[in-house]
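Worksheet: the structure to be examined is printed underneath.
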Amino acid sequence: MPELPDVEVFRKYFDETALHQKIDHVWVDPGMLEGISKELLTELLVGDAFENSRRHGKHLFAALGKGGWLTFHFGMTGFLKYYKADADQPGHVRMRVSFSNGHHLAFDNQRKFGRIRHTADPRTFITEMDLGPDALSGELTQDIFIRRLLSKRGALKAILMNQSVIAGIGNVYADEILFQAKLHPKKTIADLDDKTFERLYLMMRQVLQEAIDAEADPEKMPSGFLLKTRGTNGACPCGGKMEKISVSGRNGYFCPKCQK
DNA sequence: ACATTGACCTGAGAGC
DNA sequence: TGCTCTCAGGTCAATG
């Protein structure tokens, strides 16, 4: 789930619920933490409040009033839930921040692939994690996009999913972008001409933006979106049959007629 | 140096 | 119903 559009939806949710509220208590599964102890994390949070948020690729940043940022990475199964009653607590909570207003913010992460870290500021974090520009940011112009792709070999889909090239695209949206751009996932950069790069860039931005507009909910996405019927053998609008394909170890779907 | 594969966790859902 | 097996939207260390 948590690729760029999903994390952007989480960020908005976080803004609408958890900002500007005094933190009374923190509970965390230490296995989720990296580079910070649960004692230090607790000390930093209790008595403070989240005052701001940002997103870069699949990472969510939460600014603390005293300075410093908490960072969330959701892995394959993570999400946030703001709730009051115990009955509304989700099933695999790995961190819980309790506010003085009686509500809690849970970081749920069934498979423990998510990570919570602390950083002085997002810029530093992005450098340290070797993340490329965010796929939707103004920073990633078409020229920069092309230049970054040109430095890579291997399958196009793998490059789109490489977070150090561009941050934010995972398995599902890589499939969607390639489908909309009518490109075969195993094409290489050397196969692409200028026109094709342009189309790919345009479709990447369009798919991600439309997914956010649909609140990352497949049911609300435009009818032409592949991911609405992902994995259910949904037909391509051309009438052809979607095929399963493995690219750099990840399973995906494409239309062999439309994506040459 | 770069690209690709397997291991990491856990549980939902398919298949029997 | 209940059991087993397969697979999942991500990343990184190990391998080629």
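Each chain gets a letter, A, B and so on, in the order its sequence line appears, and its residues count up from 1.
Judged purely by atom type and a 3.5 angstrom limit, A/Glu3 uses its side chain to pair as donor or acceptor with the backbone of A/Tyr173. With A/Ser53 contributing its side chain and A/Asp15 its backbone, the two residues share no donor-acceptor pair below 3.5 Å. A donor-acceptor contact shorter than 3.5 Å is absent between the side chain of A/Lys244 and the backbone of A/Asn251. With hydrogens and angles ignored, the 3.5 Å screen pairs no side-chain donor or acceptor of A/Asp175 with any backbone N or O of A/Val172. Between the side chain of A/Arg205 and the backbone N or O of A/Ser137, at least one donor-acceptor pair lies under 3.5 Å. For the pair A/Arg94 (side chain) and A/Phe107 (backbone), a donor-acceptor distance under 3.5 Å is absent. With hydrogens and angles ignored, the 3.5 Å screen pairs a side-chain donor or acceptor of A/Glu176 with a backbone N or O of A/Leu226. For A/Gln180 (side chain) and A/Met203 (main-chain N/O), no donor-acceptor pair under 3.5 Å exists by modelled atom type.
Taking atom CD on A/Glu34 and atom C1' on C/dC12, their separation rounds to 10 Å, with Å as the unit. Between the CZ atom of A/Arg250 and the C1' atom of C/dT11 there is a distance of 9 Å, given to the nearest Å. One interatomic measurement links the two molecules: CE of A/Met161 to P of C/dA8, which rounds to 13 Å at whole-angstrom precision. In this structure, the CG atom of A/Asp217 is 18 Å from the P atom of C/dG9, given to the nearest Å. The distance from atom CG of A/Asn171 to atom P of C/dA8 is 8 Å, rounded to the nearest whole Å.
Ring geometry, A/Phe99 versus A/Phe50: the interplanar angle exceeds 60°, so the pair is classed perpendicular (tilted spans 30 to 60°). In this pair, A/His59 and A/Phe125 present their aromatic rings perpendicular. The plane angle is above 60°, beyond the 30 to 60° band.
Using a 4.5 Å heavy-atom cutoff, the side chains of A/Ile166 and A/Leu149 are in contact. With contacts defined as side-chain heavy-atom distances shorter than 4.5 Å, the pair A/Phe197/A/Ile189 qualifies. Proximity of A/Leu156 to A/Asp191: side-chain heavy atoms (C-beta onward) are nowhere separated by under 4.5 Å.
Across the P atoms, B/dC9 and C/dA14 are found 14 Å apart, a figure rounded to whole Å. Taking atom P on both nucleotides, B/dA14 is separated from C/dG9 by 15 Å, rounded to a whole Å.
Across residues 104-117 of chain A, A/Gln110, A/Arg111, A/Lys112, A/Phe113 each have a non-hydrogen atom less than 4.0 Å from an atom of DNA chain B (numbered order). Shown for residues 174-188 of chain A: no residue has heavy atoms falling under 4.0 angstrom of DNA chain C.
Closest to the side chain of A/Met129, from the set B/dA12, C/dC12, C/dT11, is C/dC12. When the nucleotides C/dC12, C/dG10, C/dG9 are ranked by their closest atom to the side chain of A/His73, C/dG10 comes out on top.
Ring centers of A/Phe79 and A/Tyr13: at least 6.0 Å apart, outside the cut-off. Ring pair A/His103/A/Tyr82: centre-to-centre distance below 6.0 Å.
The two residues A/Met32 and A/Asn109 have their closest heavy-atom pair at SD-OD1, 3.8 Å.
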Would you write out the dot-bracket form of DNA chain C, 5' to 3', with Watson-Crick and G-U pairs under 3.5 Å, [ ] for crossing pairs, | for pairs to other strands and . for unpaired bases?
-> .|||||||.|||||||

Table of protein N/O atoms under 3.5 Å from nucleotides 4-7 of chain C N/O atoms:
none

What pairs of nitrogen or oxygen atoms, one from the protein and one from nucleotides 3-7 of chain B, lie under 3.5 Å apart?
residue, atom, partner, partner atom, Å
B/dA3, OP1, A/Arg153, N, 2.6
B/dA3, OP1, A/Arg153, O, 3.3

Contacts under 3.5 Å, N or O only, protein and nucleotides 14-16 of chain C:
none

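When only modelled atom types and interatomic distance are considered, A/Asn171 and A/Lys157 share a side-chain donor-acceptor pair under 3.5 Å.
Salt-bridge annotation for A/Arg55 and A/Asp134: present, with a side-chain N of the basic residue lying under 4.0 Å from a carboxylate O of the acidic one. Salt-bridge check for A/Asp6 with A/Lys58: failed, with every basic side-chain N at 4.0 Å or more from each acidic carboxylate O.
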